[in-house]
There are 2 protein chains.
Amino acid sequence: MGETRTASGFLLKQRAFLKLYMITMTENERLYGLRLLDTLRDEFAHIGFKPNHSEVYKALHDLIDDGILKQVKQKKEGMKLQEVVFYRFADYEAAKLYKKQLKLELDRCLALIQKALKDNY
Amino acid sequence: MGETRTASGFLLKQRAFLKLYMITMTENERLYGLRLLDTLRDEFAHIGFKPNHSEVYKALHDLIDDGILKQVKQKKEGMKLQEVVFYRFADYEAAKLYKKQLKLELDRCLALIQKALKDNY
């Protein structure tokens with residue numbers, strides 16, 4: 001859990017939040033390299049969160065370095081030299097464990113924000 | 001609002017969160033210099049958040065620098081050389097405006113976390 005929250009245990013880190021979404025996108029077989037940034041930005045646009053390029057790709061590479069995801073390249077049918085890059089699980093058990101940890105962390109953050117709303121308003 | 005959230009608009013910053021609590025503590029006339037760190041740590045201990053010394057005092061000094069709070073020193077009755085340091089509003093309108101902005105920001109963060117819980121679990 002060390003890497004999911006700040007040292008003081010304040011709200012969770014953006015990196016962890018993005019990794020969680022990428023794991024779920026992989027479960028749904030919709031994690032593609034191309035347009036990943038735009039997909040995530042579209043997802044959160046209405047809520048005022050615009051993940052930056054660097055955080056998104058660091059999150060993706062963390063998941064690969066941690067042995068959770070692996071990259072798959074597939075040639076597009078009928079098109080020479082073009083390939084689609086997508087992601088599959090390298091270790092689904094580790095992915096599920098990460099999601100489980102993030103559930104606890106999100107619940108904790110929810111409680112912290114709800115407490116602030118209750119204490120101050 | 002620029003300083004309350006990260007550049008990408010992810011969750012609000014710890015500094016802003018602490019400033020909000022200090023404004024409310026001042027409204028309740030219970031913001032004392034002594035033991036401020038311990039008071040805040042006690043407040044959040046059950047939720048796993050342990051604000052660090054540096055963040056707490058930077059938040060306090062931000063509020064003073066912004067002209068929202070001012071320091072008051074009062075001599076303790078019957079005790080020579082001892083004084084109590086506490087805080088009062090230098091600009092209560094500005095304090096109320098900050099609280100209003102933070103309400104919007106906390107609501108936004110709540111929505112972001114609730115969305116993550118809904119999307120991933």
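We name chains A, B, ... by the order of the sequence lines, and we start the count at 1 in each one. Not measured: the values here are computed from a predicted model.
- Ring geometry for B:Phe49 versus A:Phe10: interplanar angle of 30 to 60°, hence tilted.
- In the hydrophobic clustering of this structure, A:Tyr98 groups with A:Tyr92; members are Ile, Leu, Val, Met, Phe, Trp, Tyr whose side-chain heavy atoms approach within less than 4.5 Å, directly or through other members.
- Per-residue heavy-atom pair counts under 4.5 Å with chain B were compared for A:Ala7, A:Ala116, A:Ala111, A:Cys109, and the maximum is reached by A:Ala116.
- A:Arg108 CZ to B:His46 NE2: the interatomic distance, rounded to the nearest 0.5 Å, is 11.0 Å.
- When hydrophobic clusters are built by joining Ile, Leu, Val, Met, Phe, Trp and Tyr residues whose side-chain heavy atoms come closer than 4.5 Å, directly or via intermediates, A:Leu97 is not grouped with A:Ile68.
- Under the 4.5 Å side-chain contact rule for hydrophobic residues, B:Leu31 and B:Val72 do not share a cluster.
- The closest donor-acceptor contact from the side chain of A:Lys99 to the backbone of B:Asn120 lies under 3.5 Å.
- B:Phe86 and B:Tyr57 are assigned to two separate hydrophobic clusters, defined by single-linkage of ILVMFWY side chains at heavy-atom distances under 4.5 Å.
- Taking chain A as the reference chain and counting heavy-atom pairs below 4.5 Å, the highest number among B:Leu20, B:Asn52, B:Leu11 is found for B:Leu20.
- When the options B:Asp107, B:Leu112, B:Leu110 are evaluated for a side-chain contact (heavy atoms from CB on, under 4.5 Å) with A:Ile113, the one that passes is B:Leu110.
- None of B:Gln14, B:Lys50, B:Glu55 except one satisfies the side-chain hydrogen bond (donor to acceptor under 3.5 Å, both in side chains) rule with A:Ser8; the exception is B:Gln14.
- By the 6.0 Å contact criterion, NZ on A:Lys100 is open, its count of non-hydrogen atoms from other residues, nucleotides or ligands being 12 or less.
- Residues B:Phe44 and A:Lys115 are in side-chain contact: their nearest non-hydrogen atoms beyond the backbone lie under 4.5 Å apart.
- Between chain B and the options A:Ile23, A:Ile47, A:Asn28, heavy-atom pairs under 4.5 Å are most frequent for A:Ile47.
- Residues B:Met22 and B:Ile64 fall within the same hydrophobic cluster, defined by Ile, Leu, Val, Met, Phe, Trp and Tyr side chains chained together at heavy-atom separations under 4.5 Å.
- Under the 4.5 Å side-chain criterion, counting only non-hydrogen atoms from C-beta, A:Leu106 is in contact with B:Tyr121.
- For chain A, the nearby parts of B:Glu43 are the backbone and the side chain; heavy atoms of each come within less than 4.5 Å.
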